[in-house]
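Taking it in order: structure first as structure tokens, then the write-up.
Atom set for the values below is all heavy atoms of this structure, side chains included, hydrogens, waters and symmetry mates excluded. Both counts, for ligands and for their atoms, begin at 1 and track the order of listing. Residue numbers run from 1 in the order of the sequence given.
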Amino acid sequence: MTKGKQLYEGKAKKVFETDNDEYLIVSYKDDATAFNGLKKGTIAGKGVINNQMSNRLMKLLETKGVPTHFVEELSERETVVRRVKIVPLEVIVRNISAGSFSKRYGVEEGIVFDKPTVEFSYKNDELGDPLLNDDHAIALKLATEEEIAIIKKYALKVDEVLSEFWAGCGVTLVDYKLEFGKLSDGTIILADEISPDTCRLWDSKTKEKLDKDRFRRDMGGVEDAYAEIMRRLNNALK
Ligand code: TMP
């Protein structure tokens with residue numbers, strides 16, 4: 001697979017064309033942002049960890065019936081993925097209260113829900129990714145009713161598979177954000193990444209944060225937390 005011209009540079013990744021129309025190459029950076037790009041920094045080694053973690057989790061999800069964009073890991077930071085048109089929804093699944101949920105509803109972090117919640121944000125930086133419901137997404141033609149049903153079904157399957165996987169690593173999957181894309185024939189598949197940037201991961205016993213909240217909240221120990229969560233994943237998938 002030959003790397004072609006750069007199509008796009010996002011906050012955490014670059015995307016390149018390839019010699020095949022159906023494939024792209026993503027390259028993971030160490031750059032980190034928060035609060036819609038207001039806070040900027042670097043997390044040394046993050047790109048390597050996010051690339052490898054996302055690929056391994058997507059491979060696991062494929063075996064459990066969730067189609068993903070993953071094709072082939074090329075190097076520490078680069079992966080071939082299927083080319084999709086991203087559905088402009090941030091699909092957020094929560095098992096435990098934290099982050100914007102706690103803030104919005106005025107509740108403490110750490111409340112364990114009876115069942116997972118799924119919520120959508122409109123992926124639009126200018127508007128600050130506003131929360132929206134299914135009807136709003138349909139009204140705005142971001143997705144059809146059928147597509148939303150498929151996306152929710154996959155998002156909950158991801159929850160089942162990854163909650164169990166992380167529990168085996170002594171880690172609680174608190175919440176996470178997924179993005180889905182459409183192939184040229186309209187098939188919906190899981191895209192973007194699954195990493196400590198996009199998930200809240202707490203040590204099951206100590207509740208220590210092993211994710212990007214350490215960066216967002218200036219808690220220190222960011223690189224160590226990323227290394228620790230990767231170490232646990234590697235141990236589990238040995
Ligand atoms: P939130 O509680 O801030 O809404 O975040 C929910 C989850 O989504 C959390 O695991 C972090 C992840 N997330 C992203 O991946 N990208 C984002 O831009 C935001 C705001 C959250």
Arg94 touching ligand 1 at heavy-atom level, < 4.0 angstrom: yes

Considering all heavy atoms, the nearest Ser121-Leu132 contact: C-CD2, 3.7 Å

Protein heavy atom at shortest distance from atom 17 (C) of ligand 1: Glu90 OE1, 4.2 Å

Closest protein heavy atom (residue, atom, distance) for atom 21 (C) of ligand 1: Arg216 NH2, 4.3 Å

Protein contact to atom 10 (O) of ligand 1 [nearest heavy atom, distance to 0.1 Å]: Asp175 OD1, 2.6 Å

Within-4.5 Å side-chain heavy-atom neighbours: Tyr226 and Ser195: no

Shortest protein contact, atom 16 (N) of ligand 1 (heavy atom only): Lys177 CE, 3.7 Å

Ala155 to Phe180 - nearest heavy-atom pair and separation: N-CZ, 4.2 Å

Side-chain touch Asp211/Ile229, heavy atoms, less than 4.5 angstrom: no

Salt bridge Glu160-Lys64, side-chain N to carboxylate O under 4.0 Å: no

Note, Ile43 side chain near Asp30 side chain (heavy atom, < 4.5 Å): no

Contact atoms of ligand 1, heavy-atom distance to Tyr176 under 4.0 Å: 10 (O)

Test of proximity, Glu119 against ligand 1: N or O pairs below 3.5 Å: no

Geometric class of the Phe101/Phe113 ring pair [parallel <30°, tilted 30-60°, perpendicular >60°]: tilted

Atom 5 (O) of ligand 1 [closest protein heavy-atom partner, distance rounded to 0.1 Å]: Arg200 NH1, 3.5 Å

Atom 1 (P) of ligand 1 - nearest protein heavy atom and its distance: Ser100 OG, 3.3 Å

Close-contact set for ligand 1 against Gly99 heavy atoms, below 4.0 Å: 2 (O)

For ligand 1, the portion of Asp197 having any non-hydrogen atom under 4.0 Å away: backbone

Basic-acidic side-chain contact under 4.0 Å: Arg56, Glu73: no

